[in-house]
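Before any comments, here is the structure.
Order of the sequence lines sets the chain letters (A, B, ...), proteins ahead of strands, with each chain counted from 1. Below, all heavy atoms of this structure are taken into account, side chains as well, without hydrogens, waters or symmetry copies.
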Protein chains: 4
Amino acid sequence: MHAPRFLETVMQEGENKPRRSIGARRNPETEEAILNAAQEVLQEAGYAGFSIEAVARRARAGKPTIYRWWRGKGDLLLEVYRRSKGNFRFPDTGDLAEDLTLFVGKLLGHWRTNRSGQIFRSILAEAQHDEITAEAVADYFVDRRDYVAGMAERAQRRGELAPDIDPKLVAELAVSFAWNRLFTHRCEIGEDELRAIMRIIVHGAAAKSAAIPSSPARR
Amino acid sequence: MHAPRFLETVMQEGENKPRRSIGARRNPETEEAILNAAQEVLQEAGYAGFSIEAVARRARAGKPTIYRWWRGKGDLLLEVYRRSKGNFRFPDTGDLAEDLTLFVGKLLGHWRTNRSGQIFRSILAEAQHDEITAEAVADYFVDRRDYVAGMAERAQRRGELAPDIDPKLVAELAVSFAWNRLFTHRCEIGEDELRAIMRIIVHGAAAKSAAIPSSPARR
Amino acid sequence: MHAPRFLETVMQEGENKPRRSIGARRNPETEEAILNAAQEVLQEAGYAGFSIEAVARRARAGKPTIYRWWRGKGDLLLEVYRRSKGNFRFPDTGDLAEDLTLFVGKLLGHWRTNRSGQIFRSILAEAQHDEITAEAVADYFVDRRDYVAGMAERAQRRGELAPDIDPKLVAELAVSFAWNRLFTHRCEIGEDELRAIMRIIVHGAAAKSAAIPSSPARR
Amino acid sequence: MHAPRFLETVMQEGENKPRRSIGARRNPETEEAILNAAQEVLQEAGYAGFSIEAVARRARAGKPTIYRWWRGKGDLLLEVYRRSKGNFRFPDTGDLAEDLTLFVGKLLGHWRTNRSGQIFRSILAEAQHDEITAEAVADYFVDRRDYVAGMAERAQRRGELAPDIDPKLVAELAVSFAWNRLFTHRCEIGEDELRAIMRIIVHGAAAKSAAIPSSPARR
DNA sequence: GGCTAACCGAGACGGTACGTCGTGTCTTCCC
DNA sequence: GGGAAGACACGACGTACCGTCTCGGTTAGCC
């Protein structure tokens, strides 16, 4: 009748002796242990099973220790995510549609395989009722969009995109698509389909080599 | 993170006598009362304060009555949302970009002004840790995308879109954009910017009046 | 602590069509079905699993039908017990200690094997907080005691018991012992031990063939 | 059958501020408050109205706090009972029949006057559908029987009882008698009648001053 | 032979309690 | 003063059963 605790309490794998205070300052070992535990809990039990209690149990830490350094779930999640995201560098193939296909494909793939999607999805969820997380997410969106906008800008400079197009808009469409796939749990996608979508975006913003009215009819 | 309780128990406003069973069938009065209560709780206390208990208290209903008809929080939220959004009928202007601008603009506006944005955001959050809601949201996304895909299909039939384009892809881009704006708390948007984005989508899928190579190799 | 439900819904074994009303009077079939169901539920799931709901499910009867004819759990239990108890007749061996050993042994054995002990234990439990059941139990105790007192009286008439002994007291000791064993879940007992106990009772009440001071010291 | 609620929420009488944790160990104030609340609820609303919820409300304690220290209703009831019964010390009068008369008389009297009879009855009822309580009651029975068996043993040592008699049997008869009186709601008893019964038990186990065949065949 | 009355099944309803989980705060003891 | 530990009040979770109610359908007895 008791709770299923068997996931967290098992596998301390290394240390059996609890960490102690190292004096009147933050113990980096403890911080590390908590962040690791948070990540593991998230990956194994998902956002639904992600609780301060579970993290504390797993990290062999006291709850007050967590609350001392983080303001709550959202705060902790954000730091976990920041730690976990690798910094992809993407090659410039000279073709924006290919660049985007590569980028979004890699992103979805990463979310699919590493269960890191779980982490990010949790943050998005948290952001829906936590002001701090919400701001962080909005900022992060802009950051990612602007990163992609950089690709688009380069494409624009080499003439792939029409000069009057804001590269940010192109970027937003691509990033929105990816994020949406994530939180509607539809990260599976074929490369062909993905390329088709990215092409729509790029073509829609493309420089016209012939006289194509940018909109058929001005209403 | 805990919810304020002082809001629900006050305000019975009308009836004090509890509703009774009306036989071996669902009581529409009860259903109505529960949905109303759910909406009110959500608006007053937000997603954080939204609990089945609070709804039951407010509706003067038994918890089992709620669980009899809805599978949980997410299910209830979804129905509240469906009830709250009016059923817009969108005119067919003959120009898909305009149709989409109108549609997405109305949608974002609706989320901005009414509290329905909050409701839907709550659903999205719920979907991240509740399987049932997740499925419902995925279904709902497909439903909305297909509704928009209908517009795109009509445009395709009248020659606005290239015949080899899947209208669903066009629709997904538009809907993803809107949803993303919602859950990144960026529902504010100028009409011009919105139109520019919708045009990128539509033009990207547009029938070419001439053979324009938009990507180096058509595989 | 809650009862398993998987037992009742299975096995309707015979009738699938529900019984109908036979007019403005009690349907004996229904009564029979409810009492049978009550007994079965009690035997299979014990007092813990005995609920009006379970009985109604099992009997394919409506709850109000049960409440129409019985005032509640205790009422129903009592009728079930009255129906179920066989009327043992015990031979008169000419030796009261043997008679009692036989009687109590049979009783404990019956409770042990038939699970009818379950039923009686449930009634005893119910009697602790239900006035009506309590009275019925008290009456029933007197009834059983007096039945045993009958044996003792015969023994007294043939000179086995001292003439100044109230046979009821002898009977109460024997019956108390048995009932107590039941509700402390200690119905298992060896025949030798049982005989030893019954002998204590009988000897204690026996006619003295020699001058034995009935109590060593009159304080 | 439902319990009245209007009793517990009223009457906070003293403290309004909830007790706090006093560190990583049991708070004796809390324990005290819970036991008191349990006793009060039982006395005011009876076993039917005795619920963990009611106790928690009354004690201004969290339900989990109760479940942390007691395994359930029965466990709590048992401790309340143990607390409520004083620890009588019984004089050794040198006459076992008198000792038992005194003991059982005191016991029945205690059950009659204090509400402790009701408490103990509740425990017995609980034991019929709760495994944990059942074990506890069985243990408690053995404990009480052995306490009485101690008296009998002393009597045996001084020659009052036959050497081949198990004092436990004598004790069981006496305790069974008392318990049975309790749960058949027949605690009223005259001292003479009680003494007569105890004498039967003691005489039945008494050392015979001569070889007196009291039953045809000594096995 | 239609009307009424009561029965019966079904199951919804407002409730209360169950036993578990997580929250964020607290205190104590050890370093 | 940091950190582990865990108790504490609180409140939500989802389920079970309570006893009452209304329904639709049935049958019997009365007018």
Side-chain angles (χ1 to χ4, degrees), chain A residues 1-4 18-27 29-30 51-54 56 59-68 72-73, chain B residues 1-3 5 18-27 29-30 51-54 56 59-69 71-73, chain C residues 1-3 5 17-27 29-30 51-54 56 59-69 72-73, chain D residues 1-3 5 17-27 29-30 49 51-54 56 59-69 71-73:
Chain A
M1 197 164 287
H2 275 295
R19 287 170 305 282
R20 289 291 172 188
S21 169
I22 55 167
R25 67 190 208 278
R26 187 168 188 169
N27 184 344
E29 261 188 67
T30 297
S51 66
I52 300 288
E53 293 242 350
R60 250 173 138 18
K63 272 200 292 176
T65 305
I66 298 183
Y67 281 108
R68 193 173 357 254
K73 251 180 173 174
Chain B
M1 198 165 281
H2 272 298
R5 292 193 43 188
R19 289 168 306 280
R20 290 280 173 196
S21 167
I22 56 165
R25 66 192 208 281
R26 188 167 188 169
N27 186 344
E29 266 187 63
T30 296
S51 70
I52 299 286
E53 296 236 354
R60 224 166 164 13
K63 267 199 293 176
T65 301
I66 298 183
Y67 282 107
R68 200 181 348 264
W69 302 115
R71 279 170 304 176
K73 247 179 177 176
Chain C
M1 195 167 282
H2 273 299
R5 294 191 43 189
K17 49 193 177 308
R19 288 170 306 282
R20 289 287 173 191
S21 167
I22 55 165
R25 67 191 209 281
R26 188 167 187 169
N27 185 344
E29 263 187 66
T30 296
S51 68
I52 299 288
E53 293 242 351
R60 248 172 140 15
K63 272 200 290 175
T65 304
I66 298 182
Y67 281 107
R68 192 170 4 251
W69 303 115
K73 251 180 174 175
Chain D
M1 196 165 282
H2 273 298
R5 292 192 45 186
K17 51 193 175 308
R19 288 168 306 283
R20 291 281 172 196
S21 167
I22 56 165
R25 67 191 208 282
R26 189 167 188 170
N27 186 344
E29 264 187 64
T30 297
S51 69
I52 299 287
E53 296 238 352
R60 219 162 168 18
K63 270 198 293 176
T65 302
I66 298 183
Y67 282 107
R68 194 176 357 259
W69 302 115
R71 278 170 305 176
K73 249 180 176 174

Of D:Arg20 and C:Glu53, the one whose nearest nucleotide on DNA chain E sits closer to the 5' end is C:Glu53
Straight-line distance of D:Arg26 CZ to D:Thr65 OG1, nearest 0.5 Å: 10.5 Å
Please produce a list of atom pairs where a protein N or O lies less than 3.5 Å from an N or O of nucleotides 1-7 of chain E.
unit_1 : atom_1 : unit_2  : atom_2 : d
E:dC7  : O4'    : C:Gly23 : O      : 3.0
E:dC7  : O3'    : C:Arg25 : O      : 3.2
E:dC7  : O2     : C:Ser21 : OG     : 2.8

Taking every non-hydrogen atom, the tightest pair across B:Lys63 and B:Ile52: CG-CG2, 4.1 Å
Taking the nucleotide of DNA chain E with the nearest heavy atom to each, does B:Ala59 or D:Ser51 sit closer to the 5' end? B:Ala59
For B:Ile52 and F:dT15, what is the distance between atoms CD1 and P respectively, to the nearest whole Å? 11 Å
Nearest heavy atoms of B:Ser21 and B:Gly23, plus distance in Å: OG-N, 3.0 Å
Atom-pair distance (CZ on C:Arg19; C1' on F:dT27), nearest Å: 16 Å
In whole Å, I'd like the distance from the CD1 atom of C:Ile66 to the C1' atom of E:dA10. 13 Å
Backbone of B:Arg19 reached by a side-chain donor or acceptor of B:Arg60 within 3.5 Å: no
Short side-chain N/O contact to E:dC8 OP1/OP2 from C:Arg60, under 4.0 Å: no
Separation between CZ of C:Arg20 and OG1 of C:Thr30, rounded to the nearest 0.5 Å: 11.0 Å
Just compare F:dC8, F:dC13, E:dG14 and give me whichever is closest to any side-chain atom of D:Thr30. F:dC8
Under 4.0 angstrom, heavy atoms only, what part of the nucleic acid is D:Ala61 near: base, sugar-phosphate, or nothing? sugar-phosphate
Among E:dG19, F:dG3, F:dG19, the nucleotide that comes nearest once only the side chain of C:Tyr67 is considered: F:dG19
Using only heavy-atom distances, decide whether a donor-acceptor pair under 3.5 angstrom links the side-chain of C:Lys63 to the base of F:dG19. yes
Residue pair B:Gly62 / B:Ala56: nearest heavy atoms and the distance that separates them: C-CB, 4.4 Å
